[in-house]
Amino acid sequence: MTGELGYSLPPAVRRIANAFRLVGWISFWSQAVLAVISSMVLIFASATLGARAANTGGGNPGTGAGLGLAVLGLLTIYVGAYWAWSYTRLGRKLRTSNPDLRPKPKDAAQKIRIGIIISLVGMLLTLLGTQAIVGSLLGKSVSSQAAGFINPGALSQFVQPVDIFVVQAATNILLAHFIGMCASLWLSRAVNRQ
């Protein structure tokens, strides 16, 4: 079969190049969309939590730390989305007619390993942030039930809808990292398949 430029690629190289391009684009767009949505939710939540902390005289330390770790996880999504885009560029380079200019299999394997590491680091940061957020929400829930409605003026004691937004953003971030991890593992399978 003749390629786009009138030359014939070995079938294995064509298969791997197509896998890098397809999986790279799917991973890129999935991570980019989830990153933008999570960014908007976290910006809204940060503004709301900041205003609420200013009005009540203090914030919830668990939510603040969790939000900070979730933001770090979000930043790694942007790195992961860039890395997924670089998979598409690698797929394009694999389709070159000059075999000397094609990336070596060890280069592709190294790129995949780095993609896995990016996803793992992002998942770790986000999981730690999510644990802090959920822990603070559990504390709020237990303290509001124990205190009853003795002090209704202290809104920071109660679980607010914005708190759930932060949890939703963290789960979106985790989903994006999971997609990045799956993409890298799929590409690893495609490269190592005989």
Side-chain angles (χ1 to χ4, degrees), residues 19-54 56 58-91 109-142 155-156 158-190:
F20 268 93
R21 293 198 63 199
L22 177 65
V23 173
W25 281 121
I26 291 170
S27 179
F28 170 77
W29 283 110
S30 299
Q31 290 183 66
V33 167
L34 287 168
V36 168
I37 290 169
S38 297
S39 295
M40 290 188 294
V41 169
L42 287 177
I43 288 169
F44 172 74
S46 295
T48 304
L49 289 172
R52 190 169 66 184
T56 61
N60 189 338
T63 303
L67 191 60
L69 287 167
V71 167
L72 289 175
L74 178 64
L75 293 175
T76 58
I77 287 179
Y78 285 107
V79 173
Y82 169 77
W83 207 256
W85 177 79
S86 74
Y87 286 157
T88 66
R89 303 300 93 195
L90 182 66
Q110 178 67 17
K111 191 167 231 14
I112 292 169
R113 273 193 293 279
I114 292 171
I116 290 171
I117 290 169
I118 290 168
S119 295
L120 283 174
V121 168
M123 288 176 97
L124 176 65
L125 291 170
T126 309
L127 281 170
L128 291 174
T130 303
Q131 289 297 324
I133 293 165
V134 170
S136 70
L137 292 180
L138 178 64
K140 281 183 176 184
S141 177
V142 169
L155 286 177
S156 65
F158 300 105
V159 176
Q160 300 291 316
V162 71
D163 296 325
I164 304 305
F165 275 133
V166 175
V167 173
Q168 179 62 46
T171 57
N172 286 346
I173 294 167
L174 283 173
L175 177 60
H177 287 300
F178 178 76
I179 290 169
M181 176 70 68
C182 289
S184 295
L185 291 173
W186 183 268
L187 289 172
S188 177
R189 179 186 162 279

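Residue numbers run from 1 in the order of the sequence given.
- Aromatic ring orientation, W25 versus F28: perpendicular (interplanar angle above 60°, classes split at 30° and 60°).
- Taking the side chain as every heavy atom from C-beta outward, W83 and I114 approach each other to under 4.5 Å.
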Self-check item: Criterion side-chain contact (heavy atoms from CB on, under 4.5 Å) on I164 and L137, from CA distance to verdict
Solution: CA-CA 9 Å; I164 304 305; L137 292 180; 4.3 Å; yes

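- Note that the CG atom of N172 and the CZ atom of F165 stand 11.5 Å from one another [nearest 0.5 Å].
- Between L22 atom CG and W186 atom CH2 the span is 9.5 Å, to the nearest 0.5 Å.
- Contact detail for A169 and S38: the closest heavy-atom pair is O-OG, 3.5 Å.
- Checked by atom type and distance alone, the side chain of S30 never pairs as donor or acceptor with a backbone atom of S27 at under 3.5 Å.
- To the nearest 0.5 Å, atom OG1 of residue T126 and atom CD1 of residue I173 are 5.0 Å apart.
- From L75, atom CG reaches atom OG of S39 across 8.0 Å, with rounding to the nearest 0.5 Å.
- Taking CD1 from I77 and CG from L72, the interatomic distance works out to 12.0 Å, rounded to the nearest 0.5 Å.
- Atom-to-atom distance recorded for L34:CG and L74:CG is 10.5 Å, nearest 0.5 angstrom.
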Quiz item: Do F20 and L187 pass the side-chain contact (heavy atoms from CB on, under 4.5 Å) test, and can you show the C-alpha distance, the side-chain angles, and the key distance before you say yes or no?
Solution: CA-CA 7 Å; F20 268 93; L187 289 172; 3.9 Å; yes

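- Residues satisfying the side chain to side chain contact (heavy atoms under 4.5 Å, CB included) test with V79, not counting sequence neighbours, are I118.
- Y87 and S184 make their closest contact through OH-OG, 2.8 Å (heavy atoms, listed as atom of the first residue, atom of the second, distance).
- Y78 pairs by the ring-ring contact (aromatic ring centres under 6.0 Å, His included) definition with nothing, not counting sequence neighbours.
- Closest of all the heavy-atom pairs between A81 and A32 is CB-N, 4.4 Å.
- With hydrogens and angles ignored, the 3.5 Å screen pairs no side-chain donor or acceptor of T88 with any backbone N or O of A84.
- For T76, the side chain to side chain donor-acceptor pair (under 3.5 Å) criterion is met by H177, not counting sequence neighbours.
- None of L124, I117, I116 except one satisfies the side-chain contact (heavy atoms from CB on, under 4.5 Å) rule with L120; the exception is I116.
- Nearest heavy atoms, V166 versus A45: CG2-CB, 3.4 Å.
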